[in-house]
Amino acid sequence: MAAFVISKTFAENAAGQEIGLKDNVIAICLEQMAEPRGTLRQWVAITLGVMWTKNAQARWAAVRDSAYEKLFPLLHDPCPEIRAAAVFALGTFVGNDADRSDHANAIDSVIGMQLTNSCCEDASPLVRKELVAALQWLILHFEGQFTSVAYQTEEEERVRDSGITIFSPKDNDGVDKRSPENHMSFNHHKRAPSSALPGMPQHQSTTTPLRHGTVFQNVWKVLLNCSRDPFPAVAKSATSVTQRIRGKFASLPVSPLINRSDSDTPDRGSPKFGCTVTGLGDSGSPPTKTVPPSKLTNAIPKPADVPAALVNLHRFARTRKLFDAGPNQDDDVDEDMAVKATDAIVTSQFVKWCSKSFTLPMMKLREEQDVSANAHYQREWKFMRNHVVRNSSLVDTENAGPPRYDTQIFINRNLEVPSHVLFDPLEPVIYVADRNQISVWNYEKSFRVGSFPNSHPRPYRISDMTLINAHDSPFLLVAADDGSVRAWKNSSSTEKRSEDLVTAWQALPEVLPTTRGSGVVFSWEPPTQHLIAAGDAKIIRVWNMTAEQKVIDIPTRLDCSVTTLSSEPTGSNGVFAAGYQDGSVRLYDRRCSAADAQIMVFDGHASAVVSTKMPDHVLHHKLYSGSVDGDVKLWDLRLPNSVSVIKTVSGMSTMDVHARAEVICCGSVNQTANVYSFLGAQVSSIRHYDGFMGQRIGSVSSVAFHPFKMLLAVACSDTYVSVYTGLTDKKSARQ
């Protein structure tokens, strides 16, 4: 509470900030950084942030105490609110534009690198929003340098998309310019002095432009990634920041790519290696450049590579001068070149959001704690209902033998071809995902509850989904093959609102864009609150969703993609299995280091693995895996060879194992869904829909058992979704 009151005293109050400086508040706050109480660490960081906002004396007092360096450990704090508070404090530190000396620019560069390295892959949208608000000050302070980086990035994208033939690496005399004796190293290239770039630290070392060029590249890359963020608020803020830079050269004509020889003498100050650019003169002719094939990479070039691209743009719309005239200008920076105080592009609401907790009544119980509130009675009713559902389904599985699942109780046509189907364990609904949206069906009353888009960009598709926290407030996790995962609440409600998106982040940004791959697959561990994500990437990433942080990246060491993931429902031993496209199944222990995480390799499938399941309620330390050739194998996690093999129909496309009953369902592209017992005997086969004119089912795209009841959902490529029961009485099956 004291830290909150002090922060409010300093907020937009120059007199309060001056008193805080005299009382050495910065040093006192830094001493509280190691406090075990998270709320105190959060408000200490916020207090520092508001303390040096628009206060040059407070900024340099913080520099003397190395306050910004002591905030860096908070960027890795397990609490997302504390990480966001640290980003907020560092952002206001960089946003203090009272002094733009070399020392200040060097410190801002260090902070920018630390922010991009620590927070660019944070799973919390709260942290990412503060990251965009913090990085905008680097954009405003070094607008010219970022314009150069953005301009060259756009030009490289045009080159890659145009398909224009680039010049031969050999010039007219036939000498290969890429040979070691004629290749000019980028690091040994003679550069313009730092005074040519206003606001840059003017060190004598020739490697200084490289270091600060890396800062500009990383910051711009992070902002571009944030502009495509799956969380709309983050994407909107980042787009506003990047549009400011893109608007600077949006009116410039596209520079045509032409063949040039060494006889073309580059302008003074332009780079000798990489690209040659001539600025726009009075005639308004577009700049031209020569790009060797070795430079056409995805990496954003250093701003020092293209200083002439925007050196003499007399028709460049700007409010202040961006670059000096050339490399021979004196080291003194003209007053017109100094950065003026600039309004923020995006405004942070983090402090106001944190302050709301102090507006809640302290002498009154909250609604979730008040036993007389309606929310309490609703939760009690859910818990009793859940207890009844679990016990009744347990009786059905114990009394009945292997269920046949040949009685159809629901059939309906989905909006598009379904790719995944999922039961709600406690509500009478199923979730059906197609390429772009999720539909919710009530199988007891046979009607569609609603549908909503996943909001991922086209042409990406939904690649996996699961339901978490189903016993209380369910959240639907949906993964798309662009690497994103979104969490939706109220997914089974009749009215869809934009507030239903709880969170979204890039769970696997390294995923390769492909139309035939597995995309992103994941496994959820309820006890540990860990999410394991893999797919068309070289790593398996484990996320701690309580802290919204990455735990570990496990290398796959294979050239094929991960097609399926599964872990024990208890999650007690930290072991999970991954099935690969080459037919192997590998066992990992996330408690080990990344290099030693792989603990077992099961080689036995001759084709791609379709599914892996660890039915903890039925068999302990056992793993089922199914492949495209129709083999279902049972593995003991302690043995390298399979325990048993079940031969099913070839062309398997999907598989599921019931959590309580000893049955397996295998769907095939050959228009059949077969149910087998654990002993390998075929219990039933679904080939046609029920009815007098029952037609043949389509290619099966997904099957799913109910977690408790004797129900089986089958989704086919003909857009039909059907539910079958293992009980003979339809009326009792619906209940």
Side-chain angles (χ1 to χ4, degrees), residues 518 521-525 527-528 530 532-542 551-659 662-666 676-681:
S518 58
V521 294
F522 60 81
S523 177
W524 171 252
E525 293 184 355
T528 61
H530 282 181
I532 307 169
D536 298 319
K538 300 292 185 181
I539 61 172
I540 300 174
R541 179 162 294 177
V542 182
V551 177
I552 189 175
D553 283 344
I554 302 174
T556 61
R557 300 189 181 93
L558 293 176
D559 293 332
C560 56
S561 61
V562 178
T563 55
T564 177
L565 284 172
S566 64
S567 57
E568 289 186 352
T570 59
S572 57
N573 56 7
V575 175
F576 65 92
Y580 287 84
Q581 203 168 16
D582 64 351
S584 64
V585 179
R586 298 170 185 264
L587 203 63
Y588 297 91
D589 192 339
R590 53 178 169 77
R591 298 169 297 180
C592 302
S593 62
D596 302 327
Q598 180 177 303
I599 58 177
M600 185 75 75
V601 179
F602 303 120
D603 288 325
H605 291 290
S607 58
V609 179
V610 172
S611 179
T612 56
K613 297 294 180 181
M614 290 185 179
D616 183 71
H617 293 286
V618 180
L619 297 173
H620 294 279
H621 307 294
K622 297 298 188 295
L623 170 68
Y624 277 97
S625 64
S627 60
V628 175
D629 57 6
D631 290 343
V632 177
K633 295 192 175 186
L634 174 63
W635 307 87
D636 190 316
L637 301 184
R638 299 161 292 187
L639 301 176
N641 298 321
S642 61
V643 177
S644 62
V645 180
I646 301 175
K647 295 290 185 179
T648 66
V649 181
S650 63
M652 184 190 301
S653 57
T654 180
M655 184 192 80
D656 196 17
V657 180
H658 201 286
E662 299 181 357
V663 289
I664 305 170
C665 181
C666 302
Y676 300 87
S677 67
F678 278 8
L679 299 178

Checklist outcome for this item: Residue pairs meeting salt bridge (charged side-chain N to carboxylate O under 4.0 Å, His left out), one or both in residues 642-655, sequence neighbours left out, come to Asp631-Lys647
Item to check | Heavy-atom pair with the smallest gap, counting every atom of Ala594 and Ile552 | outcome: N-CD1, 3.6 Å
Checklist entry - Got a donor-acceptor contact below 3.5 angstrom from the Asp553 side chain to the Arg541 backbone? => result no
Checklist entry - Hey, are the side chains of Leu623 and Met600 touching, using non-hydrogen atoms and a 4.5 Å cut-off? => result no
Item to check | Least distance between heavy atoms, Val632 atom then Cys666 atom | outcome: CG2-SG, 3.8 Å
Checklist entry - Ignoring hydrogens and geometry, is there a side-chain-to-backbone donor-acceptor pair from Ser611 to Thr654 under 3.5 Å? => result no
Checklist entry - Tell me, do Val521 and Thr564 make a side-chain contact under 4.5 Å, heavy atoms counted? => result no
Checklist entry - Atom CG of Leu637 and atom CE of Met614: how far apart are they, to the nearest 0.5 Å? => result 5.0 Å
Item to check | CZ-CD1 distance between Arg591 and Ile599, expressed to the nearest 0.5 angstrom | outcome: 8.0 Å
Item to check | Mutual orientation of the aromatic rings belonging to Phe576 and Tyr588 [parallel < 30°, tilted 30-60°, perpendicular > 60°] | outcome: parallel
Checklist entry - Can you check side chain to side chain contact (heavy atoms under 4.5 Å, CB included) on Val551 and Arg590, steps first, answer last? => result CA-CA 9 Å; Val551 177; Arg590 53 178 169 77; over 6 Å; no
Next on the checklist: If you define the side chain from C-beta out and look only at heavy atoms, does anything of Arg586 sit under 4.5 Å from Arg557?
Outcome noted: no
Item to check | Which atom of Val609 lies closest to which atom of Ser584, heavy atoms considered | outcome: CG2-O, 3.8 Å
Checklist outcome for this item: Shortest non-hydrogen pair, Ala533 vs Leu565, comes out as C-CD1, 4.0 Å
Checklist entry - What distance separates Leu587 CG from Trp635 CH2, expressed to the nearest 0.5 Å? => result 11.5 Å
Checklist entry - Okay, side chain of Thr648, backbone of Gly630: is any donor-acceptor separation there less than 3.5 Å? => result yes
Next on the checklist: Measuring from atom CG of Leu634 to atom NZ of Lys613, what distance do you get when rounded to the nearest 0.5 angstrom?
Outcome noted: 15.5 Å
Next on the checklist: Determine whether a donor-acceptor pair (N or O, by modelled atom type, separation under 3.5 Å) exists between the side chain of Lys633 and the backbone of Tyr624.
Outcome noted: no
Next on the checklist: Could you report the tightest heavy-atom contact between Ala534 and Ile540, atom names first, then the distance?
Outcome noted: CB-CG1, 3.9 Å
Next on the checklist: Is it the case that the side chain of Ser607 and the backbone of Ser627 share a donor-acceptor pair, with hydrogens and angles ignored and the cut-off at 3.5 Å?
Outcome noted: no
Checklist entry - Side chains of Ile646 and Phe678: does their closest heavy-atom pair fall under 4.5 Å? => result no
Item to check | Ser561-Gln581 side chain donor-acceptor pair, cut-off 3.5 Å | outcome: yes
Checklist entry - Of all heavy-atom pairs between Thr612 and Ala577, which one has the smallest distance, and what is that distance? => result OG1-O, 4.2 Å
Checklist entry - Is any side-chain heavy atom of Val610 less than 4.5 Å from a side-chain heavy atom of Ser653? => result no
Next on the checklist: With rounding to the nearest 0.5 angstrom, report the CD to CD distance, Glu568 to Glu525.
Outcome noted: 9.0 Å
Item to check | Leu558 CG to Gln598 CD distance, which is reported to the nearest 0.5 Å | outcome: 7.5 Å
